[in-house]
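Okay, structure first, notes after.
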Amino acid sequence: DVCSSDLGVSLIVSVWAYLKLKNAKRPGIQAFSLIPDNCSIYFNTNDFFELNKKINSQSLIADKLKLIPEIKIGLDYMQMADSLIKSNEFIREEIEGNLIHLAFYSGSEFVAAWNTKRLGEEKRFLEELKSVVKVISNSGSTDENGTLNFEIGRAKMFLKIHNGTLLLSN
């Protein structure tokens with residue numbers, strides 16, 4: 001009886017420790033909470049690549065969306081980002097299957113936010129992104145707030161990483 005109660009306690013402690021460790025590896029902030037609520041249009045996707053493919057194929061809905069200035073610039077950025085993301089395996093794996101929140105604002109501004117899949121890998125993500133944007137532009141530099149300022153083509157972009165959450169904007 002003593003052995004079975006010790007086994008039961010060990011099992012309970014093991015499950016508790018596993019769940020605690022699993023939760024410790026998750027970002028402390030949900031990406032959605034960082035999206036300013038005054039956006040004109042908001043949507044999210046678990047499949048960035050499929051969304052980008054549908055938006056940039058011949059589609060009546062996508063063509064109508066592109067007539068809205070607030071959305072067109074964001075969709076153009078998504079198309080440019082798609083090839084960059086696919087060119088780097090680490091970044092592609094981070095984006096693939098990850099819930100990404102996209103918000104479009106008047107003045108052709110947009111914000112994309114998502115949580116990292118692997119807490120603690122933010123610095124590597126930043127370094128991998130710098131290696132990709134350097135190919136396109138020499139402007140890959142981080143300011144004193146830890147924001148990466150870079151260009152994709154002629155488009156200026158900003159990426160802020162904090163506590164497992166990434167925020168990208170133009």
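For the single chain, residues carry numbers from 1 onward in sequence order. This is a predicted model, so every value here is computed, not measured.
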For [X] against [Y], the heavy-atom pair lying closest together:
| X | Y | answer |
| --- | --- | --- |
| Ala31 | His101 | CB-CD2, 3.8 Å |
| Leu99 | Trp114 | O-CB, 3.4 Å |
| Glu93 | Lys117 | O-NZ, 2.8 Å |
| Glu94 | Asn115 | OE2-O, 3.8 Å |
| Cys39 | Ala103 | CB-CB, 3.8 Å |

Between atom [atom1] of [X] and atom [atom2] of [Y], what is the distance when rounded to the nearest 0.5 Å?
| X | Y | atom1 | atom2 | answer |
| --- | --- | --- | --- | --- |
| Leu126 | Ile161 | CG | CD1 | 4.5 Å |
| Ile91 | Ser131 | CD1 | OG | 6.0 Å |
| Leu167 | His162 | CG | NE2 | 11.0 Å |
| Arg92 | Glu128 | CZ | CD | 12.0 Å |

(request) Flag the pair Glu127 and Lys130 as a salt bridge only when some basic side-chain nitrogen lies within less than 4.0 angstrom of an acidic carboxylate oxygen. (result) yes

Close side-chain approach of [X] to [Y], heavy-atom, < 4.5 Å:
| X | Y | value |
| --- | --- | --- |
| Asp37 | Tyr42 | no |
| Ile100 | Leu51 | no |
| Leu102 | Met78 | yes |
| Phe90 | Glu121 | yes |

Do any N or O atoms from the side chain of [X] and from the backbone of [Y] form a donor-acceptor pair under 3.5 angstrom?
| X | Y | answer |
| --- | --- | --- |
| Lys86 | Phe49 | no |
| Tyr105 | Pro36 | yes |
| Asn98 | Thr116 | no |
| Glu122 | Gly120 | yes |
| Gln79 | Asn52 | no |

(request) Report whether Phe158 and Leu166 are members of the same hydrophobic cluster (ILVMFWY, side-chain heavy atoms less than 4.5 Å apart, transitive linking). (result) no

(message) Count I, L, V, M, F, W, Y as connected when their side-chain heavy atoms are under 4.5 Å apart, and connections chain through other members. Are Ile41 and Phe48 then in the same cluster?
(response) yes

(message) Heavy-atom count check: over 12 atoms from other residues, nucleotides or ligands less than 6.0 Å from Ile61 CD1?
(response) no

(request) Could you please spell out the steps behind the side-chain contact (heavy atoms from CB on, under 4.5 Å) verdict for Phe104 and Ile68? (result) CA-CA 10 Å; Phe104 300 91; Ile68 303 169; over 6 Å; no

